[in-house]
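So the structure is just underneath, and the comments pick up after that.
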Amino acid sequence: MAAAVERAGLIIAGQQRQAKSGATFESIDPSTGRPLAVVAQAQAEDVDDAVAAAREAFDAGPWTSLKPAERARLLWKVAQLVRRDADDLATLESRDNGKPLRQSRTDVEVAARYFEFYAGVADKLMGHTIPLGPGFLDYTVREPIGVSGQIVPWNYPIQIGARGAAPALAAGCCVVMKPSSEAPLTALALARLGMEAGLPPGVLNVVPGRGGEAGERLASHPAIDQLTFTGSVPTGIHVMKLAADHVCPVVMELGGKSPNVVFADADLELTIPGVANAIFQNAGQTCSAGSRLLVERAVHDEVVDLLSHTARSMQLGPGVDDPDMGPVISKTQFEKILDYVETGRREGARVASGGRQAVDPALRAGYFVEPTLLDGVRPGMRVHDEEIFGPVLAITPFDGLDEVIRLANQTEYGLIAGVWTRDINKAMHLAGAIKSGQIYVNTYGAGGGVELPFGGYKKSGFGREKGLESLNSYLQTKNVCIKFG
Ligand code: NAD
């Protein structure tokens, strides 16, 4: 596989092809601001073709008639091919998305792990028998829900693509995936590897295109049976309404403003790199980024000094050069982030570090924002309440357990949270009191967390991805009750 993709087609029914209209868009390299690839732009008619191909593979086709163990073998083969091409895929992800090469390598490894993990469960999706007394046999069967539409954002294209596709395929579903037009290339590469692995035509289709066009068509398509959406809250709300019109169940993986809570007794040698990585990884463009730091007042100054030192020493550069931090995805995102920093200043926050475009003239053409610390942030400020989706950490001091619990829960989001302390009682107390779908203690993220159920409380969404729980979205339970004798 060549690292530099210049033209990429849609993947529909096991074929690579152009959009019927011939429409294309450019995928931009955010490290340089220059076009990286010309990509076929799916429109409604192409999405219709992809859904028809998935329907055929599900309703009449080979996918549902395969033995589960055979499905498992094919998924395992996809994982092997992802590993075979890991270097090329990681380079492609770094060019398309801008993230440092080592982060892309992790994403590719996690994508392979999703296919392995769900390959392992494809032949273990069992039902129950339910005791009704003499003369009855009652049992449940877990059947695939059908055709799954999957709308994927630009921040972790191959990882999130695999996170949705692998459990759906393991459950016996067929998939139509719409990656973001900001970074579609590794999702297409994944589908090509699926074809090479021997997935039958129509089982995994990928149709990059604009959200308002291809995304809307997919979400409102009457022939899909389920929709997994990962993206922002406003788009999620819109997509839910489209899906509601055809009573289509949805999984919503939305945004976050996740707190990292640092107590005075925390091991700072462990905590500082953990807190810095939680916000600066992928230039802060992570739904589960630890974008709020709640720090106990006794160690506030020390923690801010240490984090400022870390932020200032971070090297920025193009993703393929494997710097500490790459660019943000686009000019729009770049401007939005710098606007938020200005808003924070106006609201009374102090910029303890960063806050500007990167000063290195060699980086001026790309979308580089300095790793930024905003101190003295309080609830009610926009930089506290809203997801910035950039390398900006909002810092708030606290005194005591009651205050930190109140602060931790004081946004509309509830995706994940981190707690850093040597006191198991405090850790357990917060693990119970914080309203979010996942809590980490003295760690953050667990390198992808393939095995761990992941999803939101509150406006961070509903439904769970990853782990065994993800399979529930792609299976439906049928109950069979037999009277005999
Ligand atoms: P976005 O909502 O703008 O776009 C997400 C996807 O939806 C893209 O594929 C886009 O093309 C598509 N889309 C846009 N408008 C659409 C429409 N009208 N109809 C149908 N589809 C449409 O989000 P983004 O900017 O790509 O990603 C950033 C957001 O995603 C952040 O809020 C982040 O927190 C969230 N996110 C959440 C998770 C999670 O697992 N919870 C993971 C990654 C990102």
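Whatever order the structure lists ligands and atoms in, that order sets their numbers, starting from 1. In this chain, residues are counted from 1 in sequence order.
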Donor-acceptor list for residues 322-329 side chains, cut-off 3.5 Å, not counting sequence neighbours:
from, atom 1, to, atom 2, distance (Å)
Asp322, OD1, Leu101, N, 3.1
Asp322, OD1, Arg102, N, 2.9
Asp322, OD1, Arg102, NH1, 2.9
Asp322, OD2, Arg102, NH1, 3.3
Asp324, OD1, Arg102, NH2, 3.2
Asp324, OD2, Gln315, N, 2.8

Between the protein and ligand 1, are there any N or O atom pairs that come within less than 3.5 Å of each other, and if so, what are their names and distances?
from, atom 1, to, atom 2, distance (Å)
ligand 1, 2 (O), Ser232, N, 2.9
ligand 1, 2 (O), Ser232, OG, 2.7
ligand 1, 2 (O), Thr235, OG1, 2.9
ligand 1, 9 (O), Val152, O, 2.8
ligand 1, 9 (O), Lys178, NZ, 3.2
ligand 1, 11 (O), Lys178, NZ, 2.9
ligand 1, 18 (N), Glu216, OE2, 3.0
ligand 1, 19 (N), Gly211, O, 3.3
ligand 1, 25 (O), Trp154, NE1, 3.0
ligand 1, 26 (O), Trp154, NE1, 3.1
ligand 1, 30 (O), Gly231, O, 3.4
ligand 1, 32 (O), Glu387, OE1, 2.6
ligand 1, 34 (O), Glu387, OE1, 3.4
ligand 1, 34 (O), Glu387, OE2, 2.5
ligand 1, 40 (O), Arg163, NH1, 3.4
ligand 1, 40 (O), Arg163, NH2, 2.7
ligand 1, 41 (N), Leu254, N, 3.4
ligand 1, 41 (N), Leu254, O, 2.7

Kindly give the heavy-atom pair with the smallest separation between Gly317 and Leu363, and that separation in Å.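 Shortest heavy-atom contact: CA-CD2, 4.0 Å.
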
Name all residues meeting the side-chain hydrogen bond (donor to acceptor under 3.5 Å, both in side chains) criterion together with Tyr156; count only those two or more places apart in sequence or in a different chain, and write none if there are none.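 Here the qualifying residues are Gln281, Thr286.
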
Angle between ring planes, Tyr118 versus Tyr114, binned at 30° and 60°: parallel, tilted or perpendicular?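 Parallel, since the angle between the ring planes stays under 30°.
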
Would Lys435 pass as a cation-pi partner of Tyr457, given that its NZ or CZ must be under 6.0 Å from the six-membered ring centre and within 45 degrees of the axis?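 Checked: cation-pi criterion not met.
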
Looking at residues at least two apart in the chain, or sitting in another chain, which of them share a salt bridge (charged side-chain N to carboxylate O under 4.0 Å, His left out) with Arg83?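 Partners of Arg83 under the salt bridge (charged side-chain N to carboxylate O under 4.0 Å, His left out) test: Glu109, Glu116.
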
